[in-house]
*Asks:* 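Right, I'll just put the structure down here and ask away after.
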Protein chains: 2
Amino acid sequence: MPEMAIKNAFYAQSGGVTAVINASACGVIETARKHPDRIGKVYAGHNGIIGALKEELIDTSLESDDDIRALLHTPGGAFGSCRHKLKNISENRREYERLIEVFRAHDIGYFFYNGGGDSQDTAYKVSQIADKMGYPITCIGVPKTVDNDLPFTDCCPGFGSVAKYIATSTLEASLDIKSMCDTSTKVFILEVMGRHAGWIAAAGGLAGQTEGEPPHIILFPEIPFDREAFLARVDHCVKEYGYCVVVASEGAQYEDGRFLADAGAKDAFGHTQLGGVAPALANMVKQALGHKYHWAVADYLQRSARHIASATDVEQAYAVGKAAVEMALEGKQALMPTIVREQASPYQWKIGEAPLSEVANQEKKMPIHYITDDGFGITQDCRTYLAPLIAGESFPPFENGLPKVAKLKNELVEKKLRTPFEL
Amino acid sequence: MPEMAIKNAFYAQSGGVTAVINASACGVIETARKHPDRIGKVYAGHNGIIGALKEELIDTSLESDDDIRALLHTPGGAFGSCRHKLKNISENRREYERLIEVFRAHDIGYFFYNGGGDSQDTAYKVSQIADKMGYPITCIGVPKTVDNDLPFTDCCPGFGSVAKYIATSTLEASLDIKSMCDTSTKVFILEVMGRHAGWIAAAGGLAGQTEGEPPHIILFPEIPFDREAFLARVDHCVKEYGYCVVVASEGAQYEDGRFLADAGAKDAFGHTQLGGVAPALANMVKQALGHKYHWAVADYLQRSARHIASATDVEQAYAVGKAAVEMALEGKQALMPTIVREQASPYQWKIGEAPLSEVANQEKKMPIHYITDDGFGITQDCRTYLAPLIAGESFPPFENGLPKVAKLKNELVEKKLRTPFEL
């Protein structure tokens, strides 16, 4: 067997970051370090693929094993992420030629790209340069997205932790409202992420088990918003249970596709105010029913809440990073490791794989049988699906009362190319 | 020494609930259970003082020791809380006569009232019926408020946990923004509670230690909002650090006292929209500087977040409940146990006491030397004060991925009075 050449690896984070994307980074880097006979250094793109284009490569070999391990409990994207989608090779050959130039200059033979649908599309396009432009590089995608909308994989690393945060927050806030509803707030609305799919909103449903337990209403982007039905349901809950807790997806929309968040509010200067769904709903409740309300918008808090991450999610995030490197070492190409559910209860899962060419062009919606007939709740099937994903706690270490996070040096490799690159 | 009569106790929760008010309930009930020779049953008011007026008394003796212990890790108010302030005896003698009637019917000799400033005022007024209306009852207040605005006590049970939640959330969300700021969101605004005092906003400042670390701007109710100075500072941070994280108190206001949250936004129907500070600030940033922004409103999530409670806070909440019962047994009257700071580092504290008559009429503001000269940050003195209050973790037990909470029976004692009472 001929001796294989040692090549460097490029790893980058892409799109909206999560509480566990750094756990995937940890999986990639730790696994690569175990194979010095095959993988030289792991260079991390500073701000995703932009780091490759601009030749801004972070030398992760300068980070200690302990600091790399600390990524396991550090939210955000430790190397910087970006929203930059590569066009097709035919449309923007210049970017691909630049990538090859940078890869060649730094002897990069492996490309690991950690992100959602758009990022898997980028990873797929990069894999094509191996064939179409004659530069041999092994490309493996690493799945990540709080939206849980990647196809082929049972779930997406990042989702389980948001789900746990939202379920926990819904449970806790509901106990607050319930305590006070006789003389104070009667309606509470929590706005959660998910512009196209209601997975995160659905997770709020785990806070209650039986009829009457909060949340009483979930609003999904999949179900057209019906103002009268919503208000009738709020009214019913306040009369029946004394209060009403609503979990609303930011993507909640009218039948004609208008988002509730774009309700046309104007500020004092007459500018359109980009509201949120929660205040829009709260206003609706106040105008129609007159109840005292409160609302919260979790926004980035939900996707960065590493302190309440799901242990299952952390494990899976690490595992897909590790698997990506192992697949590359096995000579696989243009794949993405997936999570395969072998059994719901007790939960068993393993790593599978999906071709990037197919991952890139699909979006996984919530199955309609996961939503109750009235459109306001989740079914038992949905609970069975979600339950294992929020299971287990993985608290970070704390110092002085705050979570300890990785503090990387993030030193850039010296540039070898003469020309800067303009995006 | 003559044998003392066994009397029942009345305990109630009042005002906005917290992540640890039930820990105080646990302290009261467990301590009372240790003195069966003096205290008979502990009756909890269903929805605070209203439970006493309506003769809706929860018999806590029907709850197991384990269930009472579970209160230690259950947010919200387990017996229901209320916003109902008793008037002076001269103004509303009817309510006081009713209280005496209920107390006499149920042989109640101890009154423990768990709340903030208004609630301590109520406890004080009830203590006066002992003298003024000839019904002997021992009244002890139990401090609680996330606003941290009670006088005489170094801090208020409930505040430390909100502070820990806000500091942790600010830290985590800041890592998210920082990862993405090159190509995406540049300004993040987190709105926190505190209508009159900036204690909670100040706690966000613990997320960063040094110049340039987020949060870059804190907006306090104590410092009149200066639009130009704010926008200049945001602009500076985006240029200097690439992004800007703002923690804004809901009480942030202009020099003339107008709240930022009442910015005059109208919805599509022309109704005034009760916004939040965060969207108002975000809009301001967008109009003036054009940066991409995100905002979050933590609302009830912050004060119910038992999952990230401060261990110091949980201990102190329990301790003031325990101390209240012990003070009552020592024959003390019309007092509130306080937290006395004996030493900042290493932190040492003990229980003290303050007369209800004085607690009831004061509000503790943030000392001005806790705020930096530019009005946008916290000083070292403030850090020294806040640091021990968020120290230590006190994670609840989890089950199926969610915090386990107490499930009390909350059975009402049979009524003995013939007449119902209308509030």
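Within every chain, numbering begins at 1; the chains are lettered A, B, ... in the order of the sequence lines, protein sequences first and strands thereafter.
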*Asks:* Name the region of A:Ala278, side chain, backbone, both or neither, that has any atom closer than 4.5 Å to a heavy atom of chain B.
*Replies:* neither
*Asks:* Hey, which of B:Arg83, B:Lys178, B:Gln13 has the most heavy atom pairs under 4.5 Å with chain A?
*Replies:* B:Arg83
*Asks:* Mark yes when over 12 heavy atoms from residues, nucleotides or ligands other than B:Lys407 sit less than 6.0 Å from its NZ; otherwise mark no.
*Replies:* no
*Asks:* Does any heavy atom of chain B fall under 4.5 Å from the side chain of A:Tyr347, the backbone, both, or neither of them?
*Replies:* neither
*Asks:* Are A:Pro75 and B:Asp176 close enough that some pair of their side-chain heavy atoms sits under 4.5 Å apart?
*Replies:* no
*Asks:* What pair of heavy atoms forms the shortest contact from B:Gly401 to A:Glu393, and how long is it?
*Replies:* CA-OE2, 3.9 Å
*Asks:* Flag the pair B:Lys164 / A:Phe398 as yes when at least one side-chain heavy-atom distance between them is below 4.5 Å, and no otherwise.
*Replies:* yes
*Asks:* If you take all heavy atoms of B:Trp295 and A:Pro279, which pair is closest and at what distance?
*Replies:* CH2-CG, 4.5 Å
*Asks:* In terms of heavy-atom pairs under 4.5 Å with chain A, which of B:Ala167, B:Ser184, B:Ala305 leads?
*Replies:* B:Ala305
*Asks:* Examine whether an atom of A:Ile21 lies under 4.5 Å from a heavy atom of chain B, and if so say whether it belongs to the side chain, the backbone or both; otherwise answer neither.
*Replies:* neither
*Asks:* Side chain, backbone, both or neither: which part of A:Ile50 has a heavy atom under 4.5 Å from chain B?
*Replies:* side chain
*Asks:* What pair of heavy atoms forms the shortest contact from B:Ala207 to A:Leu402, and how long is it?
*Replies:* CA-CD1, 4.2 Å
*Asks:* In terms of the angle between their ring planes, are B:His307 and A:His307 parallel, tilted or perpendicular, with boundaries placed at 30° and 60°?
*Replies:* parallel
*Asks:* Given that the side chain runs from C-beta out, which part of B:Ala311 has a heavy atom under 4.5 Å from chain A: side chain, backbone, both or neither?
*Replies:* neither
*Asks:* Heavy-atom distances under 4.5 Å only: say whether A:Phe79 touches chain B with side chain, backbone, both or neither.
*Replies:* neither
*Asks:* Would you compute the distance between atom CG of A:Asp182 and atom CG of B:Asn47 and round it to the nearest 0.5 angstrom?
*Replies:* 4.0 Å
*Asks:* Quick check on the interface: out of B:Leu175, B:Leu423, B:Val405, who has the most heavy-atom pairs with chain A under 4.5 Å?
*Replies:* B:Leu175
*Asks:* If you look at every heavy atom in A:Ala173 and B:Tyr300, which pair is closest and at what distance?
*Replies:* CB-CB, 4.4 Å
*Asks:* Among B:Ser304, B:Pro403, B:Ala391, B:Cys181, which residue has the highest count of heavy-atom pairs closer than 4.5 Å to chain A?
*Replies:* B:Ser304
*Asks:* Counting heavy-atom pairs under 4.5 Å with chain A, which one of B:Ile390, B:Thr312, B:Val297 comes out on top?
*Replies:* B:Val297
*Asks:* Below 4.5 Å, heavy-atom pairs only: which of A:Arg303, A:His294, A:Met180 has the largest tally toward chain B?
*Replies:* A:His294
*Asks:* Measure distances from A:Ser310 to the heavy atoms of chain B and classify the residue's part below 4.5 Å as side chain, backbone, both or neither.
*Replies:* neither
*Asks:* Would you say that A:Ile308 contacts B:Ile308 through its side chain, given a criterion of any heavy-atom pair below 4.5 Å between the two side chains?
*Replies:* no
*Asks:* Side-chain contact, heavy-atom cut-off 4.5 Å: A:Phe188 with B:Leu301?
*Replies:* yes
*Asks:* If we only count heavy atoms from C-beta on, is the B:His84 to A:Thr183 side-chain gap below 4.5 Å?
*Replies:* no
*Asks:* When heavy-atom pairs shorter than 4.5 Å are enumerated against chain A, which of B:Ala19, B:Ser179, B:Gly76 gives the highest number?
*Replies:* B:Ser179
*Asks:* Checking heavy atoms, do the side chain of A:Asn400, its backbone, both or neither come under 4.5 Å from chain B?
*Replies:* backbone
*Asks:* So which part of B:Leu389 gets closer than 4.5 Å to some heavy atom of chain A, the side chain, the backbone, both or neither?
*Replies:* neither
